[in-house]
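Below is one structure, written out as structure tokens; comments come after it.
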Amino acid sequence: MAGALLPALGFQLLAEVRARTAMMRSLDGEALRLATLVAAEQRQAAEGVRQVLATLAASPTIRESDLTRCDRFLANVLAESGRYVALLTVSLDGRPRCVARPEDMGLDFSAPRFVREAVDAGRFVIGGHLPAQGARPAALAFALPYRDAYGQTTGTLVALLSLGWLRGQLDGLPLPPGAASFVVDRDGIVLDRRPRQSNDIGTAAPERFMAALRGGEMRTLLLAGMDGEERLYGLAPLGARGLELGVAVGLDPAAGGGAIRVEAARAGVFILFGTTLALLIAGAAASRTIGRPFRRLLAAASAWRSGRLAARVGQLGGPFEFRELGRALDEMAAASERREQDLRAARDEAVVTGQELAQQQARLREAEAARMAAEAAQHRFAQEQRMEAIGQLTAGVAHDFNNLLQVVAGNLELVEKAARGRGDAREARMLGTALRAVGRGARLTGQLLSFSRRQVLHARLVQLPTLLADIMERIVPVLPDDIAVSWHTVPDIWPCRLDAAHFETALLNVVMNARHAMPEGGKIEIRMGNLRLDAAAAGRFGVPAGDYIEVTVADSGIGMDQDVLDHVFEPFFTTREIGEGSGLGLSQVDGFVRQSGGGVAVSSTPGAGTSVSMLFPREAQGNGAPPAAPVVDLPGSQQRILVVDDDPGVLEVLKATLEDAGYQVTTARNGREALGLLRSEQPFDAVLTDVVMPGGVSGVDVARQASSLRPGIRVLLASGYSQMAEHGIDRRAEFAFLSKPYERMDLLHLLAGRNLAAPQGERA
Ligand SMILES: Nc1ncnc2c1ncn2[C@@H]1O[C@H](COP(=O)(O)OP(=O)(O)OP(=O)(O)O)[C@@H](O)[C@H]1O
Ligand SMILES: [Mg+2]
């Protein structure tokens, strides 16, 4: 009997070995499949970066010498996407040119290897792990060289992809229980590791993995992983020329998931068969009359053993027990077959349908989102460039126009004064009317300058709820009765810094638009709230992520369609009748809000209404009131003043105005001439200078030289442009400042040492 049992036990062993081999084979496939999946995820992320960099490389803004524009452009893309830690361009000598990144972030960027490599190879390069530095989180670096119009490589675009984001993507890929995975850069530095460890990023992967990955082939290997546990690892190297990224996914043979369960079930069947057959063979030894049915049983068993569960013993002759045994075994085989089919189907469904489909869908969704983000960024960029071009044009016109107005106003004021002196009331009245018209012209150029973001802003710390209540007191009475207005604020609105007078104009522009959109009446609702924006949400407003105060004006008016929406911020765009609207309202709003560091968004549904949201950056904590403007203290008239302006008309009228007020005036036509006079012996008590002048010496240079050559001299700057920042000067702190076109009395007050009245609409 024992002898008869031996082959049965051998059979059982064979079955188990087979099951295990089959299981390992399926584990092999599974490990490779998962490694491919993770690698595909990496490849897709890298492709996304490459596309973004290629799009950026095609933009002229990147190559321009105007780094401010380039900075802003990159900052917009950064805000739009949310997955980058920084975007920058690097010149050929390895130094960063323009950079978009969180403010307080360090970037030690002394010509990294991968940047040189990208330039040398003239192609996109996955650079590798960049450890966290200061406020900057860890990142994966990418580089793409860009060329000028002649095809010469002139620099490199570098993107730092957030490792946090990359890891978030990988979280979407479920791994079976007991599995482990890691992603490494070209140098074997771990970018992601699962199961997650607290400080796994930046450690080095074992060399045995790197050696296998550098082989460049996809393969499986039984290796001890980073936790020392042995697993069957699927290895997937990435990179066109040499290893740029590597992926390893290891499966635990003891918990290999569905595939293993199927194989184990089959092994169980075989063990059962083996035991049954042991008994059978024992019985067969007793009788030779059962040779034929026994051979049939053996043939069926051998078929089952090799996995053909469809084989059957069929109707047996011989003793009753044999016939019964044959039937029972057939039934068992049929049941096993069904069970295996069910298991396989369930597994396939679970694994293939469940996992792969979900992952495919996730990838599709991701690709779609990336495409939409890229489209939105491109749309915004095109829009911005158009607005920028219009802005430059209007700014130029407005600037010249301002100078003309200055001349007209100055002369009119002098003539009016003379008329009043003669007691000619009629002439004085007519001149007064002319002066008011000049005032309107000045407001118009103000709006134009505001659109081109070159308005002079008197920003100060404000509490918006108080300011709003104050402004609404003036707006509500001018609205018709059939328009209901309400405004709400939430408690503890953050403080912000803005020019209250321009804010009032902006709010008025938006409310008036709402009113015109509701000829039959309706309601206007104004809401105000604190808003914390992440990068994605901030992209909608074209601002960096951060804290903002949002002021929204919503109406129940006619709304607008996409065509109108696309143009609302353009100056002179209006759908109103000729003479009814100038099309400058929203241009002012957009220009003012952006110049204040915020953003505007308009949403509208035709027939249902429109809402316009203005966002203003929260004033950083601990910043108190702005420093007071320096107190000017000029003792009376008969003072000697140097007046500098490149426009002869302006110069002439200033001279007349100041002489009329009792000053001794010396004029200079440009900065160089002014410096000559300041270096001479000629005494001066004050200098009044235009800011923007041709010839290389600006008004700011004159002002600074004046202060250092003649300590104690009074300096007054005048300009229609808010170019102080561009000239590196904080006008609040450094010099007294007058914005063009200014009125005679404002000029005289400032020179006499009195501060100008606070802009209308502000409360201290
Ligand atoms: N709340 C709104 N509802 C419907 N359409 C609006 C609304 N706000 C603006 N628009 C559309 O946008 C256009 C431009 O607005 P914008 O304020 O810049 O100029 P305007 O109102 O036409 O002229 P202006 O403000 O200079 O008198 C309007 O002509 C109108 O078509
Ligand atoms: Mg308007």
Side-chain angles (χ1 to χ4, degrees), residues 383-384 386-391 393-395 397-398 401 437 439-453 455 471-472 474-476 478-480 482-487 501-528 541-542 550-596 598-615:
Q383 198 91 343
E384 202 157 277
R386 199 175 61 209
M387 297 290 268
E388 196 64 43
I390 302 174
L393 205 77
T394 47
V397 174
F401 202 65
R440 269 183 40 216
R443 276 194 296 282
L444 210 71
T445 50
Q447 274 184 311
L448 280 176
L449 284 171
S450 160
F451 162 71
S452 52
R453 285 174 250 158
Q455 182 69 280
I471 295 172
M472 291 316 287
R474 287 191 287 275
I475 294 186
V476 174
V478 303
L479 291 172
D482 57 1
I483 291 182
V485 193
S486 59
W487 67 92
H502 283 87
F503 175 72
E504 173 163 1
T505 309
L507 196 69
L508 190 67
N509 279 331
V510 176
V511 170
M512 285 306 151
N513 282 350
R515 177 230 148 119
H516 289 127
M518 298 186 292
E520 325 270 68
K523 62 177 199 285
I524 299 178
E525 219 178 290
I526 302 175
R527 292 183 298 269
M528 184 180 291
F541 291 90
E550 184 182 32
V551 181
T552 302
V553 178
D555 65 54
S556 59
I558 53 173
M560 23 182 166
D561 56 25
Q562 191 59 44
D563 256 10
V564 173
L565 260 179
D566 277 346
H567 297 282
V568 284
F569 293 124
E570 281 170 26
F572 308 116
F573 175 82
T574 179
T575 57
R576 291 163 59 198
E577 293 291 309
I578 293 173
E580 278 192 1
S582 61
L584 285 174
L586 287 178
S587 315
Q588 183 271 337
V589 174
D590 182 63
F592 158 66
V593 176
R594 278 162 175 264
Q595 200 182 337
S596 308
V600 190
V602 181
S603 59
S604 188
T605 314
T610 301
S611 91
V612 179
S613 292
M614 299 182 266
L615 240 59

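Numbering starts at 1 and runs along the sequence shown. Small disclaimer: the values here were computed from a predicted structure and weren't measured. Start at 1 and go down the list; that is how both ligands and their atoms are numbered.
- Of the candidates Leu586, Thr574, Asn513, Leu586 is the only one forming a side-chain contact (heavy atoms from CB on, under 4.5 Å) with Val568.
- Only protein N, O or S atoms were considered, and those under 2.8 Å from the Mg ion (ligand 2) are Asn513 OD1.
- For the pair Ile471/Arg474, a side-chain contact is recorded, criterion being any heavy-atom separation below 4.5 Å from C-beta on.
- Closest non-hydrogen pair, Leu615 versus Val593, comes out as O-CG1, 3.4 Å.
- Summarising the geometry, atom NE2 belonging to His502 is positioned 9.0 Å from atom OG belonging to Ser596; distances are rounded to the nearest 0.5 Å.
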Distance-only check: which donor-acceptor pairs under 3.5 Å involve side-chain atoms of residues 553-563, not counting sequence neighbours?
unit_1: Asp555; atom_1: OD1; unit_2: Gly557; atom_2: N; d: 2.8
unit_1: Asp555; atom_1: OD1; unit_2: Thr610; atom_2: N; d: 3.1
unit_1: Ser556; atom_1: OG; unit_2: Lys523; atom_2: N; d: 3.0
unit_1: Asp561; atom_1: OD1; unit_2: Asp563; atom_2: N; d: 3.4
unit_1: Asp561; atom_1: OD1; unit_2: Val564; atom_2: N; d: 3.1
unit_1: Gln562; atom_1: NE2; unit_2: Asp566; atom_2: OD1; d: 3.1

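- When atom types are taken as modelled, the side chain of Ser604 and the backbone of Gly609 share a donor-acceptor pair closer than 3.5 angstrom.
- Closest approach of Pro571 to Ser587, counting heavy atoms only: CA-OG, 3.1 Å.
- Applying the salt bridge (charged side-chain N to carboxylate O under 4.0 Å, His left out) rule to Glu550 yields no partners; only residues at least two apart in sequence or on another chain are considered.
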Measure and list all N/O to N/O distances between ligand 1 and the protein that fall under 3.5 angstrom.
unit_1: ligand 1; atom_1: 1 (N); unit_2: Asp555; atom_2: OD2; d: 2.8
unit_1: ligand 1; atom_1: 3 (N); unit_2: Thr610; atom_2: OG1; d: 3.3
unit_1: ligand 1; atom_1: 8 (N); unit_2: Asn513; atom_2: ND2; d: 3.4
unit_1: ligand 1; atom_1: 17 (O); unit_2: Asn513; atom_2: OD1; d: 3.0
unit_1: ligand 1; atom_1: 17 (O); unit_2: Asn513; atom_2: ND2; d: 2.8
unit_1: ligand 1; atom_1: 17 (O); unit_2: Leu586; atom_2: N; d: 3.3
unit_1: ligand 1; atom_1: 18 (O); unit_2: Gly585; atom_2: N; d: 3.4
unit_1: ligand 1; atom_1: 18 (O); unit_2: Leu586; atom_2: N; d: 2.9
unit_1: ligand 1; atom_1: 21 (O); unit_2: Asn513; atom_2: OD1; d: 2.8
unit_1: ligand 1; atom_1: 21 (O); unit_2: Arg576; atom_2: NH1; d: 3.1
unit_1: ligand 1; atom_1: 22 (O); unit_2: Thr574; atom_2: OG1; d: 2.6
unit_1: ligand 1; atom_1: 23 (O); unit_2: Ser582; atom_2: N; d: 3.4
unit_1: ligand 1; atom_1: 23 (O); unit_2: Gly583; atom_2: N; d: 3.0
unit_1: ligand 1; atom_1: 25 (O); unit_2: Gly585; atom_2: N; d: 3.3
unit_1: ligand 1; atom_1: 26 (O); unit_2: Ser582; atom_2: N; d: 3.3
unit_1: ligand 1; atom_1: 26 (O); unit_2: Ser582; atom_2: OG; d: 2.7
unit_1: ligand 1; atom_1: 26 (O); unit_2: Gly583; atom_2: N; d: 2.9
unit_1: ligand 1; atom_1: 26 (O); unit_2: Leu584; atom_2: N; d: 2.8
unit_1: ligand 1; atom_1: 26 (O); unit_2: Gly585; atom_2: N; d: 3.3
unit_1: ligand 1; atom_1: 27 (O); unit_2: Arg576; atom_2: NH1; d: 3.3
unit_1: ligand 1; atom_1: 29 (O); unit_2: Thr574; atom_2: OG1; d: 3.4
unit_1: ligand 1; atom_1: 29 (O); unit_2: Thr575; atom_2: N; d: 2.9
unit_1: ligand 1; atom_1: 29 (O); unit_2: Thr575; atom_2: OG1; d: 3.2
unit_1: ligand 1; atom_1: 31 (O); unit_2: Thr575; atom_2: OG1; d: 2.4

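- Within the 4.5 Å cutoff, the side chain of Val600 has heavy atoms near those of the Phe569 side chain.
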